[in-house]
Amino acid sequence: MTTPTARPALDAESPRVLREYALLADGERGALVGPHGELAWMCAPTWDSDAVFSHLIGGGGSYLVTPVERCVWGGHYEPDTLIWRSRWITDTGIIECHEALAFPGDPHRAVILRQIHAVDGAAHLYLRLQPAAGFGAHPVHYQHRPAPDIWTGRTGPLRWRWSGTPTSTQPGPRGLEATLHLDPGQHHNLVLELSEQPLPDPPPDATTAWQATRNTWHTSTPPLDASIAPRDARHAYAVLRGLTSHTGAMVAAATMSLPERARAGRNYDYRYAWIRDQCFAGQAAATAGAHDLLDDAVRFVTARLLEHGPHLAPAYTTTGQPIPDEHTLDLPGYPGGADTLGNHVNHQFQLDAFGEALQLLAAAHHADRLDTDAHTAATIAVDAIEKRWREPDAGIWELEPQRWAHSRLACAAGPTHLRHRARPRIRRGQPARPRRRHSGRHRRLPAPQRPLATRPRRPPRRRRSPAPRPQRRTARRRPPQHRHPARGHHPTHRRRLRLPLPPRQPPARHRRRRLHPVRVPPRPSHPPTQPHRRRPLVRTQPRRLRPTRTLRRGI
């Protein structure tokens, strides 16, 4: 049942505090849902594509599902998923809207699922759709309607199709607008598709898509019961899983140009995959036993090492392409920020990426999840470290090029982790083979054709008994000296006494400042014939210490 179009009492598309937005992701793209049901941000068809809904930074495009009446907002995620449930309490009832991106995602087509429920009382909602590709630069064009509840059209290079629309939907200056009325207990499905390719026929069934999305989320999320907080760990895994593309690349964030601090000039585009961050996530997944994320990280990092070798870039797009240079879009931007697209990291060199890659490969080898390409990538990383060790780099914080200590430590820890985890464990009763010595100044990693599990391990060293306590030092006894009789001396044996040495004094900076009395002769009872200097009977003065060699140098 539908009613004439009515607009909400609040402006639902104004920017909100970032903590009030919910993230929807399917691995190939992400979207942000605001507290009043607005889709504030989404790039399609991939993470680094131009945004089709960009109200978050002042661009165009809108997809709104919000109550007509005034309401109080809330919401939560379904356990172990990125399915968001918006909840509005109005004057007449309670409304819920289940929102998600169809999971697993299609690299060429985005499917946005929205299911509206009248939980308590009747529900009156306002719907609006106006996709605008290119951050709002391309207007929307409507095409034929294959069914009364389906609208199709184009915006720039994107094709879109909206299924499940009410019969009262009409195009207007603000896009397609409609009002939806639901009786208590009813629900309604809305499905929006976006793609650069022709959309398949028929449109996806909403019920089937919802069931497949929930089943995939529950089957792909591991239990992680060994964690100290299993529920939080599973939700963190779901977020990382939603940010990981089919190529194995994990983007740093779904958004761009959000300020770290208002008016501080730090507005960056994080819709790309950083090698360092990917290695950190892979090592954490290996520790938790989440091998799916570990395999994706190893696959992406290995492919980049094999392709670029010592010229490895700090970050790439999800398809392995270079990141575009920074430029602006002539948009207002998020309040307190700017509209920066691209990232300056594409011109930087970060040495620590090679070390972190080796630590990731070591963690994967410990889990027995390496192949021949990964072994070759490890050798390439070691050669790159040896070749570019002395070059200044931008470091972990991506600052001016210097010889940062963290980068060198990461490169030193990488081969160490790989060698340590490459040694097999020696079982009890198994004889340990002697360790093979390697020639050359640096120890090289094993060749890819030789499995790491066959390398012998050095037997444990025996614990030595403690050394005896040294005796009291004495003067060194010299051998007897013989003098020639021609020089007027007879050969004699000169013996020296074995005198104990004085106890060793601590350095001057560790000595205590002692006070010792200085006694002076008593004053005579009769006047002396010669003038006598008047001095106190007893006085104390600090002992003057001889300055050490370091103090004399003035260091």
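The figures here come from the full heavy-atom set of this structure, side chains too, leaving out hydrogens, waters and symmetry mates.
Checking T340 against E326 by side-chain atom types alone, no donor-acceptor pair falls below 3.5 Å. Between the side chains of E99 and S86, a donor-acceptor pair is found at a separation under 3.5 Å. A side-chain N or O of Q115 and one of N189 form a donor-acceptor pair less than 3.5 Å apart. Donor-acceptor pairing under 3.5 Å is lacking for the side chains of Q197 and R109.
Relative ring orientation between W41 and F135 is described as tilted, the plane-to-plane angle lying within the 30° to 60° band. The aromatic rings of H98 and W210 stand perpendicular to each other, their planes meeting at an angle above 60°, with 30° marking the opposite boundary. Below 30°, between 30° and 60°, or above 60°: for H181 and H124 the angle between ring planes is between 30° and 60°, a tilted geometry. In this structure, H117 and H187 have parallel ring planes: the angle between them is below the 30° cut-off, well short of the 60° mark. Note on ring orientation: taking the six-membered ring where Trp is involved, the planes of F103 and W217 are parallel (angle under 30°, cut-offs 30° and 60°).
Heavy atoms of other residues, nucleotides or ligands lying less than 6.0 angstrom from CD of Q211 number 12 at most. Around CG of D91, the count of heavy atoms belonging to other residues, nucleotides or ligands within 6.0 Å exceeds 12. Within 6.0 Å of CG in D201 there are more than 12 heavy atoms belonging to other residues, nucleotides or ligands.
Scanning both residues, Y142 and G172, for their nearest heavy atoms gives OH-O, 4.4 Å.
Look at R299 and D371 and you find no salt bridge, because none of the NZ, NE, NH1 or NH2 atoms lies under 4.0 Å from a carboxylate O. Salt bridge R369/D292: absent, no basic N to carboxylate O contact under 4.0 Å. A salt bridge between R241 and D296 is present, with a side-chain N of the basic residue lying under 4.0 Å from a carboxylate O of the acidic one. Salt-bridge check for E78 with R214: passed, with a basic side-chain N closer than 4.0 Å to an acidic carboxylate O. Using a 4.0 Å cut-off between a side-chain N of Lys or Arg and a carboxylate O of Asp or Glu, E193 and R161 qualify as a salt bridge.
Remark: aromatic rings of Y63 and W162 are close, center separation under 6.0 Å. If you look at Y334 and H55, their ring centroids are not closer than 6.0 Å.
Side-chain atoms of N346 come within 3.5 Å of backbone N or O of I323 as a donor-acceptor pair. A side-chain donor-acceptor contact under 3.5 Å links H327 to the backbone of D325.
By the 6.0 Å and 45° rule, R19 does not stack over the aromatic ring of Y21. For the pair R145 and W151, the cation-pi test (distance below 6.0 Å, angle within 45°) is passed.
Residues S62 and Q130 meet the side-chain proximity criterion, which asks for heavy atoms closer than 4.5 Å.
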Can you check salt bridge (charged side-chain N to carboxylate O under 4.0 Å, His left out) on R271 and D48, steps first, answer last? CA-CA 6 Å; R271 300 173 299 159; D48 54 299; over 6 Å; no
